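Right, one structure below, let's go through it.
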Amino acid sequence: MAGESLKFRDPELAKALAAALARHVEEIGRPVSVMHVCGSHEQAIAKFGLRSMFPKLLTVIMGPGCPVCVTDVPEVDEGVVLAEQGVHIATYGDMLKVPGTVKSLADAQATGGKIHIVYSPAQAVELARSLPGEEVVFFATGFETTAVATAAVIVDDPPKNFSVLSAHKYIPPVMEIVAEMPESRVEGFLAAGHAATITGWAVFEPFIERHKLPVVVAGFEPLDILAGLVELVELVKNGTPKVVNMFPRCVTREGNRAAQAQLWRVFRPVGGRWRGIAHVPNGNLRLRDEYAHLDARRRFTIDVKKLWDYAPTHLANQCICGDIMAGIKNPYDCKLFNKECVPETPVGACMVSNEGTCKIWHLYGGVPDLSEVSA
Amino acid sequence: MCLGVPGKIIDIDADGVMATVDFWGVRRQVRLDIIDEPAAVGDYVLNHVGFAIRRIPPESAAETLSLYEVLLQESGDDVMTADLRAEIAGAGEPAKAR
Ligand code: SF4
C-alpha cells in the first residue's frame with residue numbers, strides 16, 4: 001500500500017531525512033514515542049506510507065487530534081435532544097454518525113429530526129435567515145482553527161433565530177493532560193500547523209516550561225512531517241525542550257492576533273470531558289455571558305437525562321478510542337476494529353471521522369512496524 | 001476539518017469583508033474578517049471553513065500549493081483528498097446575501 005502512494009517531490013531528500021531520523025533514534029538507543037495532535041498529519045502519514053520509513057524504535061502516535069472524535073457523548077446527546085425538540089440542527093458532515101448515549105444525529109434524522117450539513121458557520125447563519133420563524137442551532141465542533149470562524153459569525157449580528165451549541169475544544173490544554181498521564185511515554189509533540197496558525201507557536205512555551213518536553217510545529221507535506229520528526233527526535237536526543245517552528249509559511253510566533261482577539265471575545269475556556277480522554281481543564285470553549293442570547297444551552301432547556309436511562313450498548317463499552325488517543329494502544333488492540341466497528345457502522349467516534357485514527361487505519365490498511373506499539 | 005486550503009483572491013467586495021477566491025478553478029466566497037493581515041487581489045490566502053485565516057507570503061505560495069496539487073490528482077476515495085474536495089466545494093457557500 002505504501003509503495004504506490006509514496007509520491008515525494010524530492011525522493012532524495014526524503015531518503016536523507018529518513019536516514020537522519022534513523023541516526024538520531026539509534027543514538028538515543030532505546031524506544032522513543034512522540035505524538036502528533038492532528039488528523040491531517042495522520043492522514044498524510046498513512047497516505048504517504050511514512051510509518052514504513054520510521055525507524056523500528058520510533059513510535060509516532062496520533063493523539064487527541066480529531067475534533068469529531070473528542071466531542072463527548074453528552075454533547076452529542078444535547079444535539080440529539082434539540083433535534084427531537086424540533087429545532088433545526090446545522091453541523092459539519094463528520095458529526096452525523098458520531099454515537100451519543102443511545103443515538104447519533106443520523107439516528108435523530110432518520111426519525112424526523114431536521115439535521116443540515118454545512119461546511120461553514122456562515123452557511124448555518126444563511127440557513128437561519130432562510131427559515132424565519134424556525135429555530136436553527138449550529139452544533140459547533142472543532143479546534144481553535146474552526147472556533148474562530150464560529151466566533152466571527154457570532155459577533156456579526158446573526159438573525160434572532162440562530163444560536164450555537166458549542167462543543168469547540170482548545171488543543172494546548174489537552175497536551176498537558178497527555179503529558180501528565182502516568183502511562184504516557186510521549187517524549188515530544190508535533191504540533192498541528194493550522195491550529196498554530198491561529199495561536200502562534202509561543203502558545204507552547206508555558207507547556208515546555210512545565211513539562212520539559214519539546215514541541216515542533218510542522219506542516220502537512222510528507223517532507224514537512226519527516227523534517228519535523230527529525231527535528232523533534234533530535235531535540236529529544238539532546239534533551240533540549242523548546243519549540244521549533246518548521247512551518248513558517250503559515251505559523252508565526254504570535255499567530256493570528258485578530259483571530260485570537262475574536263476567539264477570546266466570544267469564548268471562555270472551561271473544563272470539560274474530551275471523549276475517552278479525561279476531564280481537560282480549560283479544554284472546552286463556551287460562549288461568554290455577553291453572548292448568552294446566542295447560546296443554545298441558555299436559550300433552550302436541553303434535557304439529556306432522559307436519554308441516560310438507557311445503559312450504553314455493550315459494544316460501545318469495548319471501544320478503546322481514548323487509550324488510542326492517549327497513545328497507550330493502537331486500533332489493532334481493539335477487538336472490534338474492522339469487525340463490528342467499520343465506517344458504515346461505527347461503534348466509536350474514531351471510526352466516524354476522516355480524521356479519526358481507526359478510520360484512517362481502516363482505509364489505509366496495516367502498517368508494518370506497529371506490532372511493537374502496544375508494549 | 002483541520003486542513004486549511006489555499007486559494008487566490010480574485011475580487012474583494014466594497015466593504016472589504018467578502019472575497020471571491022479561486023481554488024483550482026472553483027470560485028467561492030470567503031470572508032476576510034479574521035485574516036491575520038490585510039490581503040489584496042492577487043494574494044494567496046489560507047482558508048478554513050469559509051474564512052481566510054492567513055495571508056500566505058507571496059514567496060511561499062508555490063511551496064504551499066504543491067501538496068494540494070498532489071492530492072487533487074488522486075481519485076475520490078482517498079480521505080485526505082475527499083476532505084480537501086469537500087472544503088473546496090463547500091467553502092463559503094452559499095454567498096452571503098446582505
Ligand atoms: S475500532 Fe471502533 S470500537 Fe475499536 S477503538 Fe476504534 S472506534 Fe472504538
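The figures that follow rest on heavy atoms only: side chains count, while hydrogens, waters and symmetry mates do not. Source: prediction; values computed, not measured. Convention: sequence-line order gives letters A, B, ...; per-chain numbering from 1.
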First locate atom NE2 of A/His194, then atom CG of B/Asn47, and finally report the distance between them rounded to the nearest 0.5 Å. 10.5 Å

Part of A/Ala44 within contact of chain B (heavy atom distance under 4.5 Å): both

Could you check which of A/Ala261, A/Gly255, A/Pro121 has the highest count of heavy-atom pairs closer than 4.5 Å to chain B? A/Pro121

Against chain A, label B/Ile53 side chain, backbone, both or neither, depending on which of its atoms sit under 4.5 Å from a heavy atom there. both

Quick one, B/His48 with A/Thr146, criterion side chain to side chain contact (heavy atoms under 4.5 Å, CB included). Give me CA distance, side-chain angles, the key distance, then yes/no. CA-CA 7 Å; B/His48 188 74; A/Thr146 315; 3.1 Å; yes

If we ignore hydrogens and angles and just use 3.5 Å, is the side chain of B/Arg54 paired with the main-chain N or O of A/Val251 as donor and acceptor? no

Taking salt bridge (Lys or Arg N to Asp or Glu O under 4.0 Å) as the definition, give me every residue that meets it alongside A/Glu144, ordered by chain and number, with sequence neighbours left out. none

Look up atom CD1 in B/Ile34 and atom CG in A/Leu263, then write down how far apart they are to the nearest 0.5 Å. 9.0 Å

Who wins among A/Ala152, A/Ala258, A/Pro248 for the most heavy-atom pairs under 4.5 Å with chain B? A/Ala152

Under 4.5 Å to a heavy atom of chain B? For A/Ala192 that would be neither

Just checking A/Arg257: does its CZ atom have more than 12 heavy atoms from other residues, nucleotides or ligands closer to it than 6.0 angstrom? no

B/Phe51 and side-chain contact (heavy atoms from CB on, under 4.5 Å): which partner among A/Val153, A/Thr145, A/Val148, A/Thr150? A/Val153

Grab the two heavy atoms, one from A/Ser120 and one from B/Gly50, that are nearest each other, plus how far apart they are. OG-CA, 4.0 Å

Based on non-hydrogen pairs under 4.5 Å, which of A/His41, A/Gln43, A/Arg249 is most in contact with chain B? A/Arg249

Output the option from A/Cys250, A/Ala259, A/Ser353 having the highest count of non-hydrogen pairs under 4.5 Å with chain B. A/Cys250

